[in-house]
Protein chains: 2
Amino acid sequence: MPTHRPARIGFLLSQLGAHASRRFDERVAEVGLTAQQAGVLRILGRQPGVSQRDLADRLGLVQSRMVALIDGLEHAGLVARTRSEADRRSYELTLTHAGGAKLRELRGIAEVHEAELAGSLATPQRDELFVLLSDLATSLGVDAEVHEGYRAAQGGETSGR
Amino acid sequence: MPTHRPARIGFLLSQLGAHASRRFDERVAEVGLTAQQAGVLRILGRQPGVSQRDLADRLGLVQSRMVALIDGLEHAGLVARTRSEADRRSYELTLTHAGGAKLRELRGIAEVHEAELAGSLATPQRDELFVLLSDLATSLGVDAEVHEGYRAAQGGETSGR
DNA sequence: CGCAATGATTACATCACAGAATCATTCTGT
DNA sequence: ACAGAATGATTCTGTGATGTAATCATTGCG
């Protein structure tokens, strides 16, 4: 056995990723949103006017799922559907005024979330960790923009957990 | 805004954790298991004779879920149920011979998995990352043993993705 | 001895999600 | 300009994962 150190990094990433996701879910739930909805608001904040199709691709889910997702945001008054004049099959989705306010609120949440997660590390370590994780994401092709599903990962990892 | 660097570490952890979990799922699926089942085998390998109740607590799921989980492993001939003599309500779960073999197979998978994930980092960086993640896990109370669910985290994180 | 607590099990409800079919609209080739 | 393919949104339906409550046998405590 050449590399006999157990497979810990994969295990830790799974654990910490699950933890980070769960905590984030809880925080956004406190302002009445799901993480998916938060993702929609984020994208619309940076790129108003995208279609449901675009959104679905970006967030890594199917079109049909997007319908109910946008329905919820529309009923909550955070997102507006406008028929595109260029292509009347599609909508141009935009944030309402309330949607913009909610997005700013979410950014505050993200900062608190970050502080909770990385707050125990001293600044140099935090920077170092950021660099290492970024490198990893790049070499693994984990794109910040295109999201690739995210299913359960119960009990796994074999050599840890 | 004091810390104006966007909340990237939480985001990266979620992304990379999802990626790691998904890839691990795929790999264990190739040997006919789910990640949950792999988790059961791992624990039984280190601690034979535990009950379904113990297992459920350790893996962070409910008792009722454990029934079908063990059923599958039992039918596959990897795990054996034996009535406990001390407490005849519960079972003592153990790995069969085939279960032990499967566990060794899983350990090989975990090594390949680790190599895929962390392989792009040079050894010193990999060690550094391991230390940082371990510190994080410790200070966040993310225990390697007690697993805390793991639900979807679609589209979230607000300031990235 | 009798009642509360506990392990395993079953039955039931719910929820997220994917996939197929549908409808309106747009695009493409000729 | 027109017929057929492609595309965006929507609806419907099936499936799988999971939690909760009820049930049964057994144990432990007073």
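Since the model is a prediction, treat every value here as computed from it, not as a measurement. Letters go in sequence order (proteins before strands), and every chain restarts at 1.
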Exercise. Salt bridge or not for A:Glu26 and A:Arg23, using N-O below 4.0 Å?
Worked result: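 Yes, this pair counts.
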Problem set entry | B:Leu95 side chain near B:Pro48 side chain, heavy-atom distance below 4.5 Å |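 Result no, sub-4.5 Å side-chain heavy-atom pair not found.
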Atom [atom1] of [X] and atom [atom2] of [N]: how far apart are they, to the nearest Å?
X       : N      : atom1 : atom2 : answer
B:Leu61 : D:dG16 : CG    : P     : 19 Å
B:Leu69 : C:dT9  : CG    : P     : 12 Å
A:Asp25 : C:dA16 : CG    : P     : 12 Å

Problem set entry | Pair assignment for C:dT30, Watson-Crick or G-U wobble, requiring both distances under 3.5 Å |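 Base partner found: D:dA1.
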Problem set entry | A:Gln52 (side chain) donor-acceptor with A:Gln63 (main chain) under 3.5 angstrom |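 No; zero donor-acceptor contacts below 3.5 Å.
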Close N/O contacts between protein and nucleotides 7-11 of chain D (under 3.5 Å):
from, atom 1, to, atom 2, distance (Å)
D:dT7, O4', A:Arg89, NH1, 3.2
D:dT7, O2, A:Arg89, NH1, 2.5
D:dG8, OP2, A:Arg53, NE, 3.3
D:dA9, OP1, A:Gln52, N, 3.0
D:dA9, OP1, A:Tyr91, N, 3.3
D:dA9, OP2, A:Gln52, N, 3.4
D:dA9, OP2, A:Arg53, N, 2.5
D:dT10, OP1, A:Tyr91, OH, 3.3
D:dT10, OP2, A:Gln52, OE1, 3.0
D:dT10, OP2, A:Gln52, NE2, 2.9
D:dT10, OP2, A:Arg81, NH2, 3.2

Problem set entry | Positive for side-chain contact (heavy atoms from CB on, under 4.5 Å) with A:Leu93, one of A:Val40, A:Ile70, A:Asp54, A:Ile43 |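 That would be A:Ile70; it is the only one of A:Val40, A:Ile70, A:Asp54, A:Ile43 passing the side-chain contact (heavy atoms from CB on, under 4.5 Å) with A:Leu93.
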Exercise. Can you get from A:Leu78 to A:Val31 by hopping between Ile, Leu, Val, Met, Phe, Trp and Tyr side chains that sit under 4.5 Å apart?
Worked result: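 Yes, A:Leu78 and A:Val31 fall within the same hydrophobic cluster.
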For this session: Dump the intermediate steps for side chain to side chain donor-acceptor pair (under 3.5 Å) on A:Ser120 and B:Ser139, then the final yes or no.
Result: CA-CA 7 Å; A:Ser120 67; B:Ser139 71; 2.8 Å; yes
